[in-house]
Number of protein chains: 2
Amino acid sequence: MTLNKVTEAGIGARNKVNILAAAEKVFAQNGLKGTSVQQIADQAGIPKTNVLYYFKSKQELYLAVLKQTLSLWNSRFDLATAQDDPAETLAEYIAEKMEMSRTHPTASKIFALEIINGAPNLNRYFDEEHAQWMRGRVAIINAWIAQGKMSNVDPHYLLFHIWSSTQHYADFSAQVTRLRGSKMKKADFENATSHLISTILSGCGLTVPAQYRAASNG
Amino acid sequence: MTLNKVTEAGIGARNKVNILAAAEKVFAQNGLKGTSVQQIADQAGIPKTNVLYYFKSKQELYLAVLKQTLSLWNSRFDLATAQDDPAETLAEYIAEKMEMSRTHPTASKIFALEIINGAPNLNRYFDEEHAQWMRGRVAIINAWIAQGKMSNVDPHYLLFHIWSSTQHYADFSAQVTRLRGSKMKKADFENATSHLISTILSGCGLTVPAQYRAASNG
DNA sequence: GTCTATAGGCTGATAGAC
DNA sequence: GTCTATCAGCCTATAGAC
């Protein structure tokens, strides 16, 4: 009985994971409305009814994918304080965001599609966790400015700047690849990361920490 | 007869413009697959059949909207030369892009959705006009670097940086509005533009031209 | 837990009256 | 040029056999 339950839970868990992975891939191309349950089933290699057995509706599955996406957003910047070094903290945050774009591009795309659509499924998230996170980061950046650690930049525009320039390499990968002539490899991401850290920190009147300096710059 | 033709052409032209405007608005929310002809008709205030009378298919209407979008992309940067001043040229380009995000956010969103979808309808554009434009701009930036007018940054990453950070204010307006607590007004766009010009030019080792300096900075 | 069958609705697109 | 009526096909979701 217990063994049976465990086995069932094992099968169910594996199937859910499989469906979630397939759904993430397909939702990242055409969003909630533009994606059919049939497409997700085909991607997962199972009949359509099985998808709706594990998730009551397309909407519920989408929300599960979206929630999974948000759980990846965690960063060391979440725990930063006014005592930390802004150059170190911001450089690390930019590097983390670029690593996310490289390793989880579909998660970034799903988030982008949801926001372009007007973020109808993120009302709670925006008004609660996200707004709170924002207030906390803004306060820390303002504290750094007050301490004379960095120049007087609007924290909101700084954070939007970091998000947009890093997520671009995930969301707009089709354009980036076409215009560069080849897919971004790990080394290309490292160069792009160095460019962004160098530029954004420079805009804040900060010096790039040694470990984030591009190798080619000596 | 001639009068009749002119009148008909007038009606047809007006209806096409009306449908294109409605389609742009709706496509900008859910993309090609996620949008129905019925939605476009409702937005335009006409029956569905009338939409398909002026545009043979949803796909054809979408391509018309996309083409209209691309025609807005023109910039003074298109005509820049190696003799121009990089600080002036880049500052103006960033300002132009931000003004586009402010005045034509739906156009930016349609482009974003198309690229996130893998840009299936932009193959020609990417491989021809866009790639040619890119090669030309990269050559000019490299010439500026060779002349010692600016620091040695990768032109590709610089252009991606400008596009992403400016288009963000159109594509992610839902998030920007929620986290700021209010919609971006013209003055907010001017502040964001100053932030971006100051940061990106600083990253290129350039001084911000007087007319692009923020008023509050003295 | 997995499948077939099917309901009921919306889709893109067309035919033909006016 | 505008409309109603309609088609075949796909959609989400469910019922029920196995």
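First the proteins, then the strands, lettered A, B, ... as listed; each starts at 1.
Which of dC3(C), dT12(D), dT11(C) sits closest to the side chain of K58(A) comes down to dT12(D). The nucleotide whose nearest atom lies closest to any side-chain atom of Y53(A) is, among dC11(D), dT2(D), dT2(C), dT2(C).
The CD-C1' distance, from Q38(B) to dA13(C), rounds to 13 Å in whole Å. Atom-to-atom, CD of E60(A) to C1' of dA13(D) comes out at 13 Å; the value is rounded to the nearest Å. Summarising the geometry, the separation between CG on L52(B) and C1' on dT2(D) is reported as 13 Å, rounded to the nearest angstrom. Atom CG in D42(A) sits roughly 14 Å away from atom C1' in dC11(D) (whole-Å rounding). Note: CD (Q59(A)) to P (dC11(D)) measures 18 Å, nearest angstrom. Here dT12(D) presents its P atom at 11 Å from CG of L61(A), a figure rounded to the nearest Å. A straight line from NZ of K48(B) to P of dA15(C) spans 15 Å, rounded to a whole angstrom. Atom OH of Y62(A) and atom P of dC11(D) are 19 Å apart (whole Å).
When heavy atoms are screened at a 4.0 angstrom cut-off, T49(A) is found touching base atoms of the nucleic acid. The residue Y54(A) sits close only to the backbone: its heavy atoms come under 4.0 Å of sugar-phosphate atoms, none of a base.
Residues N30(B) and T35(B) bring no donor and acceptor atom of their side chains to less than 3.5 Å of each other.
In this pair, H168(A) and F160(B) present their aromatic rings tilted. The plane angle is within the 30 to 60° band. Between W133(B) and F77(B), the ring-plane angle classifies as perpendicular under the 30° and 60° cut-offs.
No close placement of the F172(B) and W163(A) rings is indicated, their centers lying 6.0 Å or farther apart.
Comparing S57(A) and N50(B), the nucleotide of DNA chain D nearest to each residue sits closer to the 5' end for N50(B).
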